[in-house]
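Presented below is the structure to which this report refers.
Any value given below was found using the heavy atoms of this structure, including those in side chains, with hydrogens, waters and symmetry copies removed. Naming: A, B, ... by sequence-line order, numbering from 1 per chain.
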Amino acid sequence: MSEQQHATTDDTDVTSEKLVELAKRRGYFFQSSGAYGGVGGFYTFGPQGAALKGNVEDAWRDRFAVAEGNMEIDAPTIMPEPVFEASGHLEGFDDMLVECSECGASHRADHIVEDNTEYEDAESLPIPEVEEIVAEYELVCPACGAGLAGQAVETFNLMFGTNIGPGDSDPGYLRPETAQGIFVEFPRLKEYARNQLPFGVTQIGRAYRNEISPRRSIIRTREFTQAELEYFVDPEDDEPDLEAVADVAVTLYPASEQNAEDGSEIETTIGEAVEEGIIGDEWVAYFLGVAKPWYESVGVDMDRFRFRQHLSGERAHYAADCWDAESEVDGNWIEMAGFAYRGDYDLSKHEEYSDDRFTIFKQYDEPKTVERATVDPDMSYLGPEFGGAAQDVVDELEALAARDREAFEGDTVEIDLEGETHEIPVEKTGFSVDEETIAGEHITPHVVEPSFGVDRLVYTVLHHAYREDEVDGEERTYLELEPEVAPTFVGVFPLQNDDDLEAVADEIVADLRAAGLSVTYDDSGNIGRRYRRQDEVGTPFCVTVDYETVEDEETTVTVRERDTTDQKRIAVDELAETLSAIRDGDLAFEEL
RNA sequence: GCGCUGGUGGUCUAGUGGUAGGACAUGAGCUUCCCAAGCUCAUAGCCCGGGUUCAAUUCCCGGCCAGCGCACCA
């Protein structure tokens, strides 16, 4: 994750402060465990925030699981140590820190070593060796220049550890990403996909990282929600449906532009970017094309949105290409998602470390017929002849048959065994050449991984929705949230304290809730105050029951739209239907 | 983790070596026929631990937390 720093302006800082204050006051999010002094890097989503986050997750599920025909799973957050040995998190997630005794600054010991010696991969060296190198090369603190020799190098692992069951013989870790829960279950998941590539598996869930310093409210926390898709493809045969996203307009910030002196973002389309080689991988391009309109649909401001390519140094070694979705908040670009082509790295590692197979059997279009040379030695001959070495002879014969069948053309075959040459009658080897039919081969699928940070997206959505304006000379704060994600869809009010009005309002609340809408009722204070309350949490519509409602023959209510504060009269009979249509995007308020 | 600044009702803040005032918000009532109006009343607070002191929310030390800078963000 990188957060490119840009100059901040007073305006945006103010918005951020106001937003955090609003979030606390109105129940979007707040720091957890406040009664006990608070704990760093943990946040609770309040009633509004939980609803917003849930709606965003639902929208993600609709787009990336349902609409793409992918499977969703829900794996545990705690996994045993071997999983993370395989994934590389146990080692790779370790930071080697060394503290300067003079100025107190702590630095990455491996980085200091790499920068100042010929060692290139200090991270993989054992701690004592790094300490020795530091002493031997008389390395100094980059901050103050004091010598670091003799200072202890300590590791800090970003994973939260725990014990599974009693005792500490069975260590486990809280997952630092949801992805491993998918990779680990691949052998079973491929069955559910009927062994057919390509297929995708999604997961929305919590991940944990013991960050050294959590920052900026919910932007960088120690427990967060990810929405990830692992899309498994056959690298040779599978291709994305690029046509479907070719026309999607995107703002790209490729590595080349970031490196250039006066580099800038590029306005283009997915189709053109692939054609011009700006986006190197078609699968990554496809998911960027899916993601952009989706981000727009949940309320990310497209003027403050871009895809930024990872610089070569930022990229994990196995990632062929990687792009981040970034949004601008407070004048800073923050990473909201990463789209990486991970090759076969993850599955190969689990194949290597586990007992299971992480491959898929790929059937050839036509079965292949191949000739194969095999041996079937006569053990009643080899046994007495070679004694304990008989098995070694067999192994050697098998190897020889595979690599050089001409060796078996004479009456005897020569093999080398521990420096000695032995002659064995070919008839005793059971040598034969047979035709074999091969239907296919086991391949390790490649993985394309769109990985979304939900909390950061929620923060962005709120920030981009924050508005201040004036209504009738009075200041107003409101959240211009998309109806699809707004925590509450409609507020219902009686115009005044009046039993008749309240009775009608109660009925309307029940009707709208029965229609599946998220409704809130409010009868306190004057009508303007109630409108403002709903504005501030981003409720798109308010319904007011007035005296026309109860006195006129045709019962109607006013429906007031949040952003414009415009009002229209709607018949009570049609209210639920009309509002549902608006929510589902089938009708616009202006059309009423 | 290091450094700087800060921590007072739900929120924002004033202030003080003798335990606190405001604004907004919230609740009740009055008023009110569509955009935070008015009036009355009510609820509610000095981050935690230790020290100095007759007395600490205030001063000192430590911790926790937040924002920012550095470092970190596989």
Would you say the rings of A:Phe287 and A:Phe307 are close, in the sense that their centroids are separated by under 6.0 Å? no

The side chain of A:Gln567 lies closest to which of these nucleotides: B:C73, B:C70, B:C34? B:C34

Assigned partner base of B:C30, Watson-Crick or wobble definition, under 3.5 Å: B:G38

I'd like to know if A:Tyr531 reaches the base of B:C34 with its side chain such that a donor and an acceptor end up less than 3.5 angstrom apart. yes

Taking only side-chain nitrogens and oxygens of A:Lys24, does any of them come within less than 4.0 Å of OP1 or OP2 of B:C12? yes

Where the side chain of A:Arg467 meets the backbone of A:Glu480, is there a donor-acceptor pair that is under 3.5 Å apart? no

Has A:Asn526 got a side-chain N or O lying under 4.0 Å from the OP1 or OP2 atom of B:A37? yes

Nucleotide opposite B:U57 in a Watson-Crick or G-U pair, distances under 3.5 Å: none

When you get a sec, tell me which of B:C33, B:A74, B:G10 is the closest nucleotide to the side chain of A:Arg25? B:G10

Under 4.0 Å between a side-chain N or O of A:Gln496 and OP1 or OP2 of B:C33? yes

Kindly say whether the aromatic ring centers of A:Tyr341 and A:Phe339 come within a distance under 6.0 Å. no

Any strand: nucleotide that pairs with B:C72 via Watson-Crick or wobble, under 3.5 Å: none

Going by number, which of residues 535-554 of chain A have a non-hydrogen atom under 4.0 Å from RNA chain B? A:Thr544, A:Asp546, A:Tyr547

Provide, to the nearest angstrom, the distance between the CZ atom belonging to A:Arg342 and the C1' atom belonging to B:A74. 10 Å

Return no unless some side-chain N or O of A:Arg529 is found under 4.0 Å from OP1 or OP2 of B:A37. yes

Please state whether the phosphate of B:C72, meaning OP1 or OP2, lies under 4.0 angstrom from any side-chain nitrogen or oxygen of A:Arg209. no

From B:C73, B:A74, B:C68, nucleotide with atom closest to A:Glu177 side chain: B:A74

Please determine, for the side chain of A:Gln31, which listed nucleotide (B:A36, B:G67, B:C65) has the closest atom? B:C65

Between A:Ser217 and B:A66, is there a contact of a side-chain N or O with OP1 or OP2 at under 4.0 Å? no

Please confirm whether the backbone N or O of A:Thr544 pairs with a side-chain atom of A:Arg560, one donor and one acceptor, at under 3.5 Å? no

Atom CZ of A:Arg215 to atom P of B:C72: distance rounded to whole Å? 13 Å

Please check if the side chain of A:Gln203 supplies one atom and the backbone of A:Thr178 the other of a donor-acceptor pair under 3.5 Å. yes

Checking N1-N3 plus N6-O4 or O6-N4 for Watson-Crick, or N1-O2 and O6-N3 for wobble, each under 3.5 Å, the partner of B:U16 is none

Going by the side chain to side chain contact (heavy atoms under 4.5 Å, CB included) test, name the single residue among A:Arg220, A:Glu177, A:Arg175, A:Arg222 that passes it with A:Arg209. A:Glu177

What nucleotide, of B:C73, B:C70, B:G67, holds the atom closest to the side chain of A:Tyr43? B:G67

In terms of side-chain heavy atoms of A:Thr477, which of B:G67, B:A36, B:C34 is nearest? B:A36

Check step by step if side-chain contact (heavy atoms from CB on, under 4.5 Å) holds for A:Leu495 and A:Val545. CA-CA 6 Å; A:Leu495 184 60; A:Val545 176; over 6 Å; no

